[in-house]
There are 2 protein chains.
Amino acid sequence: MESVNHISDVNFRSECPVCRTLDLVGDKWTLLIMRDALFLGGKTFADFAGGNEKIPTNLLSDRLKKLVSAGLLRKHQYHDKPPRYEYLPTPLADELKPLLEAMRAFGENHLEGRIPDELLSQL
Amino acid sequence: MESVNHISDVNFRSECPVCRTLDLVGDKWTLLIMRDALFLGGKTFADFAGGNEKIPTNLLSDRLKKLVSAGLLRKHQYHDKPPRYEYLPTPLADELKPLLEAMRAFGENHLEGRIPDELLSQL
DNA sequence: CCGGATCCGGTCTGATACTG
DNA sequence: CAGTATCAGACCGGATCCGG
């Protein structure tokens, strides 16, 4: 709390780097899209929509826009006749790899297989 | 029993470890609570509620229950009359540290300053 | 068919108020 | 202090629709 103004209430979340990251990728779908793009070779809208997790297309559309404007994906038209697009990871996207790797490690080492029943009922 | 309905209703998308982790901690608040508990010394309900991010108390209550039943926190009564509780990180919680560290690193290195307004409006 | 956009019911969030 | 109750409104997710 150094010499700052008195109005610092607005956008308080952005002061903490963990918060900023969560604001960007801390929702149910965004990191799954990045996982597909970075590790599973997903590129097209259909690739992402057709994954195991069945993200609704409207949400997918929103998340792709967000990721493009955040600079994590770039939209590239690779075919003209009928227009076809692919969403390619940017160099910045690579910086998410440690995060995804940490998530994978936690899930694999500590949430292996079945989830305890008491948790299932809680979720 | 519950004041708020459940967060990610039903199914753990259990096939992918990244998904399982996201189902557990991939929401707006859970990792912030764990950050407070692991790194900022937060212990009591009031500690978490009084942080910079102003989590609503009903959500805090839900998230604490979830974290306790997931084995990441344990609820300990440290005073009897009046009853006072603290939420202490378990050994399992330590396994989240690399994840939080990865989030902090990404936010610090690549989301410096503020998130663009156009993005904030979508969050 | 592909890449979305739109519509709509239901669910969750979050501010406030309230209780022990 | 440690939560619970309430409630409007935002958001999600399923279905459907549409242009190319």
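Below, read A as the first sequence line, B as the second, and so on, with proteins coming before strands; counting in each chain starts at 1. Bear in mind that the values here come from a model prediction, so they are computed numbers and not experimental data. These numbers come from the heavy atoms of this one structure, side chains and all, not from hydrogens, waters or symmetry mates.
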Legend entry - Given D:dT4, C:dA15, C:dG4, the nucleotide with the shortest approach to the side chain of B:Lys65: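 So the side chain of B:Lys65 is nearest to D:dT4.
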
Legend entry - Per B:Lys28 side chain, nearest of listed nucleotides C:dG14, D:dG3, D:dC1: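 Closest nucleotide to the B:Lys28 side chain: C:dG14.
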
Inset, instruction - Pick out which of B:His79, B:His76, B:Lys43 makes a side-chain hydrogen bond (donor to acceptor under 3.5 Å, both in side chains) with B:Glu86. - result: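 Going through B:His79, B:His76, B:Lys43 one by one, the side-chain hydrogen bond (donor to acceptor under 3.5 Å, both in side chains) with B:Glu86 is satisfied by B:His76 alone.
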
Legend entry - A:Trp29 vs D:dC12: side-chain N/O to OP1/OP2 distance below 4.0 Å: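 No, no such contact exists.
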
Legend entry - Phosphate contact (C:dG3 OP1 or OP2) by A:Ser61 side-chain N/O below 4.0 Å: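 A:Ser61 to C:dG3 OP1/OP2: no side-chain N or O under 4.0 Å.
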
Inset, instruction - With B:Leu67 as reference, evaluate B:Thr90, B:Ile33, B:Asp62 under the side-chain contact (heavy atoms from CB on, under 4.5 Å) test and give the passing residue. - result: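 Passing option: B:Ile33.
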
Legend entry - B:Glu53 with B:Arg35: basic N within carboxylate O range, under 4.0 Å: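 Looking at B:Arg35 together with B:Glu53, the answer is yes, because their closest N to O distance falls below 4.0 Å.
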
Inset, instruction - May I ask you to test the B:Phe106-A:Leu96 pair for a side-chain heavy-atom distance under 4.5 Å? - result: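 B:Phe106 vs A:Leu96: side chains touch.
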
Legend entry - Stretch residues 73-86 of chain B: residues that reach within less than 4.0 Å of DNA chain C through a heavy atom: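 Correct list: empty, so none.
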
Legend entry - Presence of donor-acceptor pair under 3.5 Å, side chain of A:Thr57 and base of C:dA5: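 Yes, the side chain and the base share a sub-3.5 Å donor-acceptor pair.
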
Legend entry - Polar pair under 3.5 Å, donor/acceptor by atom type, side chain A:Asn58, base D:dG13: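 It does, because a donor-acceptor pair links the side chain of A:Asn58 to the base of D:dG13 below 3.5 Å.
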
What's the [atom1]-[atom2] distance between [X] and [N], to the nearest Å?
X	N	atom1	atom2	answer
A:Leu59	C:dT11	CG	P	16 Å
A:Tyr87	C:dC2	OH	C1'	11 Å
B:Lys54	C:dT16	NZ	P	12 Å
B:Leu32	C:dT13	CG	C1'	15 Å
B:Phe45	D:dA2	CZ	C1'	6 Å
A:Phe48	D:dG13	CZ	P	18 Å
B:Leu60	C:dG14	CG	C1'	13 Å
A:Asp23	D:dC11	CG	C1'	16 Å

Inset, instruction - Determine whether A:Val18 and B:Phe39 fall in the same hydrophobic cluster, where Ile, Leu, Val, Met, Phe, Trp and Tyr are linked whenever their side-chain heavy atoms lie under 4.5 Å apart. - result: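 Yes, A:Val18 and B:Phe39 fall within the same hydrophobic cluster.
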
Legend entry - Donor-acceptor side-chain pairing of A:Ser61 and A:Asn58 below 3.5 angstrom: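 No.
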
Inset, instruction - Kindly indicate, with the supporting measurements, whether the criterion side chain to side chain donor-acceptor pair (under 3.5 Å) is fulfilled by A:Asp27 and A:Thr30. - result: CA-CA 6 Å; A:Asp27 71 295; A:Thr30 300; 2.4 Å; yes

Legend entry - Residue closer to the 5' end of DNA chain D, A:Arg63 versus B:Ala46 (nearest nucleotide):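 Closest to the 5' end, via its nearest nucleotide, is B:Ala46.
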
